[in-house]
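Throughout, a chain's letter reflects where its sequence line sits, starting with A, and its residues are numbered from 1.
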Number of protein chains: 2
Amino acid sequence: MADPKMRFDTIVKNLRENNYKLTPQRLAIVKILSRSEGHPSVEKIYEYLQDDFPTMSLATVYRNVMLMKSLGEVLEIGFPDGSNRYDGNKPDPHPHVICVQCKKIIDPDLSTLKDMTEEVANETGFKILTHRLDFFGICRDCTNNR
Amino acid sequence: MADPKMRFDTIVKNLRENNYKLTPQRLAIVKILSRSEGHPSVEKIYEYLQDDFPTMSLATVYRNVMLMKSLGEVLEIGFPDGSNRYDGNKPDPHPHVICVQCKKIIDPDLSTLKDMTEEVANETGFKILTHRLDFFGICRDCTNNR
DNA sequence: TATTATATGATAGTTATTATTTTTTAGATT
DNA sequence: AATCTAAAAAATAATAACTATCATATAATA
């Protein structure tokens, strides 16, 4: 896990360089994303912020998460049900292991994983922009608690 | 690509064994899925069937695609925008290369791909049920035509 | 502190999907 | 072959997650 403080500074720097305004709401969202504990959903980020910003609109969270995504500062993890979760702590593509029951997301260390992007580009003629490698299953907790 | 006729027969056999009724609508949907040319969406399947079944409901396509999915006879390919495409010709998990512009989906031959499922299971304690490996980029056609 | 482009909050709209209800029908049974 | 019944289809309402719109507020700057 990257240091949340450093990620926060990096993202704020990126925002500054692109002349985005640093509103309190935006910074609060960035702060949560820079840690991204538990790979939060937009809804979850919104909930976290209810204490400090009781009048904040859900749309503001959506707008800001999308902005960070467009700046390459958050990785979107799409669920089969259409919902999304976000990682602003490790924004580059990396594998996930997802519990289909409790929706927990883990970042495994896959020592044998080699980058196949170049091979795919060569074989298909595509310019590869990104990729995803996600495993779905039942975590130990969910297996035991039943 | 598997022989569509054989896939059709396999799926119909599965339906029979589980006592699902073989309605004309269902069989028509299965026929399209067993070929899955271009990895169709539900909407696309619905369009294909307008000629033969002008009164068919979109919900019927959804219900049947979901049924085939629950029987393990189709693979769902989720797009970042939340929409889904389906493959009933090769229903087991396999990598995809997806053009983010024209939405074309290609199945590449990745010689170096080894199955990491066991490694992930060992490292995380998850019971892995399925996985996905998808590359996103711009295809050759879309690169040239602009 | 005045200006202005941008961001926010409130809310309406959209899209893909799922649920509900009534009608129809496949396949079994007489 | 006619009847029966659970399952499926059609029509449509409801939902969830997101996206657009617009009036108001505010961060950055001059």
Task: Contact state string [nucleotides 21-30 of chain C, B base, S sugar-phosphate only, - no protein heavy atom under 4.0 Å] - done: -----BS---

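Between B/K13 and B/D9 there is no salt bridge, since no side-chain N of the basic residue sits under 4.0 Å from a carboxylate O of the acidic one.
When heavy atoms are screened at a 4.0 angstrom cut-off, A/N64 is found touching the sugar-phosphate backbone but no base atom. Contacts of B/D81 with the nucleic acid, taken as non-hydrogen atoms under 4.0 Å apart, are absent.
The interatomic distance linking A/L49 (CG) with C/dG9 (P) rounds to 10 Å, in whole Å. Spacing between atom CD1 of A/I29 and atom P of C/dA7 amounts to 12 Å, rounded to whole angstrom units. We find that CG of B/L58 is positioned 9 Å from P of C/dT17, with the value rounded to whole Å. Following rounding to the nearest Å, A/F53 (CZ) and C/dG9 (P) show an atom-to-atom distance of 9 Å. With rounding to whole Å, A/Y62 atom OH is found 15 Å from C/dA12 atom C1'.
Atom NE2 of residue A/H94 and atom CG of residue A/L110 lie 10.5 Å apart, to the nearest 0.5 angstrom. For the atom pair CZ (B/R140) and SG (B/C99), the distance works out to 12.5 Å, reported to the nearest 0.5 Å. Atom CE in B/M68 sits 9.0 Å away from atom CG in B/N14 (nearest 0.5 Å). Separating the CZ atom in A/R132 from the CD1 atom in B/I98 is a distance of 6.0 Å, to the nearest 0.5 Å.
Judged by distance alone, the side chain of B/R26 and the main-chain N or O of B/K21 form a donor-acceptor pair under 3.5 Å.
Here C/dA19 is the nucleotide among C/dT11, C/dA19, C/dT8 with the atom lying nearest to any side-chain atom of B/A59.
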TODO: Before giving the answer on side chain to side chain donor-acceptor pair (under 3.5 Å), spell out for B/R63 and B/T60 the whole-Å C-alpha distance, their side-chain angles and the decisive distance to 0.1 Å.
DONE: CA-CA 5 Å; B/R63 259 175 308 180; B/T60 296; 2.9 Å; yes

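Looking at heavy atoms from C-beta onward, A/N64 lies out of side-chain contact with A/I45 at the 4.5 angstrom threshold.
Bounding nucleotides for the chain A contact on DNA chain D, 5' to 3', at a heavy-atom distance below 4.0 Å, are D/dA17 to D/dA28.
Residue pairs that meet the ring pair (Phe, Tyr, Trp, His ring centres under 6.0 Å) test with at least one member in residues 33-84 of chain B, sequence neighbours left out, are B/H39-B/H96.
Between B/V42 and A/S57, it is A/S57 whose nearest contact on DNA chain C lies nearer the 5' terminus.
For the OP1/OP2 pair of C/dA16 and a distance below 4.0 Å, the side-chain nitrogens and oxygens of B/S83 include no atom meeting the criterion. The shortest distance between the side-chain N/O atoms of B/N84 and the OP1/OP2 oxygens of C/dA16 is not below 4.0 Å.
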